[in-house]
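Down below is the structure, laid out as structure tokens.
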Amino acid sequence: MSGSLEDLRRLLALADAGLMYGRDVFDKERYQEMKSILTKMIGEYTSLDDGKIKCVLDKEEGYPTPKVDVRAFIEDNDGKILLVQDIKSREWSLPGGYADIGYSAAENVIKEVFEETGYHVAVDKLAGIFDTDKRKDIPQLFQYYKLFFNCTVLDGTFMSNNETAACDFFDIKNLPKLSEKRTTYEQLCTLKNRKDMYLE
């Protein structure tokens with residue numbers, strides 16, 4: 001039995017909704033069994049084992065919706081792009097991450113940039129929204145809406161932290177190895193070449 005990751009995630013969302021809103025105890029048992037089967041099937045698409053996937057999914061409560069990721073697009077005076085290096089994978093991406101509850105999207109990106117780089121930034125505008133489901137060649141456990149903001153550095157210097165090993169500005173034609181689940185080359189090119197807000 002197989003299916004696309006998109007189909008499996010959709011079925012998983014339906015199972016989660018059934019567990020949340022279902023009233024019949026037997027139906028809930030069926031939804032739980034469906035979720036267990038889907039967890040195993042989703043494991044075929046990711047590098048995570050069934051136990052890790054189950055642990056991640058069990059933390060998800062409420063009605064299932066796409067997750068929100070915020071990223072800062074920052075250029076220096078030479079048009080080079082600010083990237084941060086993940087401390088574990090050593091791959092690079094735009095600074096950012098999950099949006100935390102209690103902050104606006106813009107406040108989240110300001111917070112993320114400071115935590116990962118030590119820079120204080122101002123948000124200029126929303127530059128774009130990407131849907132990770134549009135990249136079938138980069139499968140992810142969840143669907144993400146990625147909000148990219150044009151930002152300007154106000155002040156600061158890089159500070160050691162538990163997320164990033166370094167930060168630096170790079171020419172679009174000479175990029176380091178990217179963490180594609182966080183930032184893709186195509187996203188960088190689109191953000192660099194288009195100045196108005198767009199959806200993709």
Cationic N near anionic O, under 4.0 Å, [X] to [Y]:
| X | Y | result |
| --- | --- | --- |
| Lys111 | Glu107 | no |
| Lys146 | Asp69 | yes |
| Arg182 | Glu91 | no |

TODO: Hey, can you tell me if Tyr144 and Tyr98 have their rings parallel, tilted or perpendicular (30° and 60° cut-offs)?
DONE: parallel
Okay, side chain of Gln85, backbone of Arg90: is any donor-acceptor separation there less than 3.5 Å? yes
Quiz item: Sub-3.5 Å donor-acceptor pair from the side chain of Asp155 to the main-chain atoms of Val153, do we have one?
Solution: no
Original post:
Centres of the Tyr119 and Phe114 rings: under 6.0 Å?
Top reply: no
Value for CD (Gln187) from OG1 (Thr132), rounded to nearest 0.5 Å, stands at 9.0 Å
CG (Leu178) and OG1 (Thr183) are apart, to the nearest 0.5 Å, by 7.0 Å
Answer with yes or no whether the side chains of Asp131 and Gln143 bring together a donor and an acceptor at under 3.5 Å.
-> yes
message = What I want to check is whether the side chains of Thr152 and Asp124 have a donor and an acceptor closer together than 3.5 Å.
response = yes
Worksheet entry | Lys NZ or Arg CZ of Lys192 over Phe73 ring: under 6.0 Å, within 45° | no
Cation over ring face, Lys67 and Phe142, 6.0 Å, 45°
yes
Salt bridge (charged side-chain N to carboxylate O under 4.0 Å, His left out) filter on Lys136, not counting sequence neighbours, yields Glu6
